[in-house]
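What follows is a set of notes on a single structure, which appears directly below.
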Amino acid sequence: MLDQALQYAHAHRDEFLQELVQFLQIPSISAQPDHQPDMQRAAAWLASHMQQIGLRNVQVFPTAGHPVIYGNWLEAPGQPTVLVYGHYDVQPPDPLDEWRSDPFQPEVRGDDLFGRGTADDKGQLFVHLKTVEAYLRTGGKLPANVKFIIEGEEEVGSLHLPAFMESHRDLLQADVAVISDSHMIAPNQPSIVYGLRGLVYMEVEVQGPAHDLHSGSYGGAIKNPIEALCEIIDALKDNQGHITIPGFYDKVRPLDPEERAELARVPFNETQFRAEAGIEKTWGEAGYTVKEQISARPTLEVNGIWGGYTGAGAKTVLPAHACAKISMRLVPDQTSDEITELFRQHIERLAPNTVRVAVRKLHSGEAAIVDRHIPEMQAAAIAYERTFGRRPVFTREGGSIPVVADFQRLLGIPTILMGFGLPDDNLHAPNEKFHLPNFYKGVDTAIWFLREL
Ligand code: BES
Ligand code: ZN
């Protein structure tokens with residue numbers, strides 16, 4: 001059964017690639033309202049593809065946002081049930097002129113497939129669909145039961161997914177979840193991610209005078225809202241990189257020496273990290289390694305800041321308001337509700353009484369840590385080893401996939417993060433790519449995983 005499935009997967013690589021290209025050509029950008037019809041098209045394409053490969057009960061569930069797609073195959077009595085999650089939405093392709101080829105006309109260059117959504121997450125999601133196809137087209141059955149839940153709002157905060165999950169618990173009930181939406185360390189060094197950070201995304205607006213003022217007639221006697229905002233932002237971290245929000249670290253689970261030692265053994269090349277980022281020197285929280293800073297410690301980032309006159313030439317003006325988008329990445333056991341409140345209180349405390357400040361939350365999701373000693377992790381480790389010839393290392397990542405915590409909370413199941421991307425895949429950036437050997441090896445690994453389970 002396994003051998004035929006692997007053979008089928010190897011013989012059909014060209015077809016797999018052509019189908020993936022069709023899926024990638026649909027610009028399913030969840031953030032942009034004018035791509036609403038493309039979201040519907042991507043959902044319909046996926047549902048019909050899932051039916052074609054032999055999944056049963058395929059349904060497109062409308063939500064208050066973008067639809068959720070479901071499908072299953074449950075004819076392996078006595079075997080475990082795997083819930084596969086993926087997302088069919090993609091990030092906007094901007095800045096467009098930095099792409100070497102059209103983001104929605106995928107192009108193979110060397111061993112890589114370039115295009116928006118190749119790695120995040122259409123290509124990685126496809127790995128699991130092709131796994132099902134390889135088994136069903138050969139032996140007619142799978143070694144385990146599978147359920148698929150594929151959403152269209154991951155890149156915008158999965159706003160409607162928890163409610164959908166709550167009202168469809170029975171439909172989704174499984175023994176373990178699997179997600180391929182992260183990366184491995186290098187093409188020859190597989191890894192399994194067991195920790196992801198949570199996220200709280202806030203907007204801070206500082207209102208000064210009722211309208212823009214002549215900076216000559218008023219400047220000198222009025223608090224400039226841009227300056228007030230800069231002072232607030234400056235006060236959020238000290239010069240050691242610690243976040244100064246009172247209580248921010250209270251619930252942070254300390255890294256025990258064993259975990260620190262294990263993380264230190266994860267091959268992580270700081271020179272390459274700096275080169276990829278295009279910086280000469282790193283900067284972060286004192287007392288932690290770079291690997292820890294970007295995965296196991298909480299952070300605060302200013303994502304954008306605006307206000308006043310930013311057009312061509314000079315304009316003398318004392319602006320009426322200033323805004324910033326500020327996000328915090330969280331680690332267990334911080335909760336997004338508590339951090340949202342602490343942030344709000346701290347900003348209000350920092351604001352001088354010469355301006356008015358409004359604090360809004362845009363979205364949030366919880367951090368997750370999965371026990372790396374459970375048998376399902378071991379099944380995944382063996383599957384990687386069979387395919388890549390090397391045992392995967394266990395690592396934590398700084399990105400967020402809020403559904404992992406929701407699977408734990410609402411369904412009581414752990415998630416295995418079987419990522420097949422690479423660190424330089426350019427997620428959310430121009431020239432996103434998926435390393436094709438990883439696509440094909442991903443299918444082999446997922447074929448092995450269902451068997452090992
Ligand atoms: N695929 C990423 C998450 C990811 C990135 C995991 C890097 C591991 C390493 C996912 O699509 C993503 O970008 N998520 C958002 C979530 C947010 C909008 C709630 C993120 O991390 O910013
Ligand atoms: Zn993603």
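Note that the structure is a prediction, hence the values are computed from the model and not measured. Every number for a ligand or one of its atoms is a count from 1 in the order of the listing. Just so you know, residue 1 is the first one in the sequence shown, and it goes up from there.
- The nearest protein atom to atom 4 (C) of ligand 1, hydrogens excluded, is given as D181 O, 3.9 Å; this is a heavy-atom distance.
- Residue E292 holds its CD atom at 5.5 Å from CG of L255, rounded to the nearest 0.5 Å.
- When you scan the N, O or S atoms of H87 for the one nearest the Zn ion (ligand 2), you land on NE2.
- Partner of Q189 under the side-chain contact (heavy atoms from CB on, under 4.5 Å) criterion, chosen from R390, M184, R391: R390.
- Distance check, rounded to the nearest 0.5 Å: NE2 of H168 to OH of Y70 gives 10.0 Å.
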### Query
Going through the checks in order, is the salt bridge (Lys or Arg N to Asp or Glu O under 4.0 Å) test met by R13 and E15?
CA-CA 5 Å; R13 287 179 173 169; E15 287 90 337; over 6 Å; no
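- Under 2.8 Å from the Zn ion (ligand 2) lies an N/O/S atom of D181, whether from backbone or side chain.
- Contact annotation for Q91 and ligand 1: no heavy atom of the residue comes within less than 4.0 Å of the ligand.
- Using the six-membered ring where Trp is involved, Y85 and H87 have ring planes that are tilted, between 30° and 60° apart.
- Protein heavy atom nearest atom 11 (O) of ligand 1, with residue, atom name and distance: E154 OE1, 2.8 Å.
- Of the heavy atoms in R329, only side-chain atoms (C-beta onward) come closer than 4.0 Å to ligand 1.
- From the protein, the heavy atom lying nearest to atom 8 (C) of ligand 1 is S182 CB, 3.7 Å.
- The Zn ion (ligand 2) has an N, O or S atom of D120 closer than 2.8 Å.
- In terms of polar-atom proximity, defined here as any N/O pair under 3.5 Å, E155 does make such a contact with ligand 1.
- At least one heavy atom of H428 sits under 4.0 Å from some atom of ligand 1.
- Aromatic ring orientation, Y249 versus H242: perpendicular (interplanar angle above 60°, classes split at 30° and 60°).
- One distance of note links CD of E133 with CG of L142; it measures 11.5 Å at 0.5 Å rounding.
- Close approach to D120 involves these atoms of ligand 1, each under 4.0 Å from a residue heavy atom: 1 (N), 11 (O).
- With a heavy-atom cut-off of 4.0 Å, L199 touches ligand 1 through its side chain alone.
- For the pair D424 and K433, the minimum side-chain heavy-atom distance is below 4.5 Å.
- Scanning the protein for heavy atoms near atom 15 (C) of ligand 1, the closest one is S400 O, 3.7 Å.
- For the side-chain hydrogen bond (donor to acceptor under 3.5 Å, both in side chains) criterion with S400, the lone passing option out of E366, R329, R197, E154 is R329.
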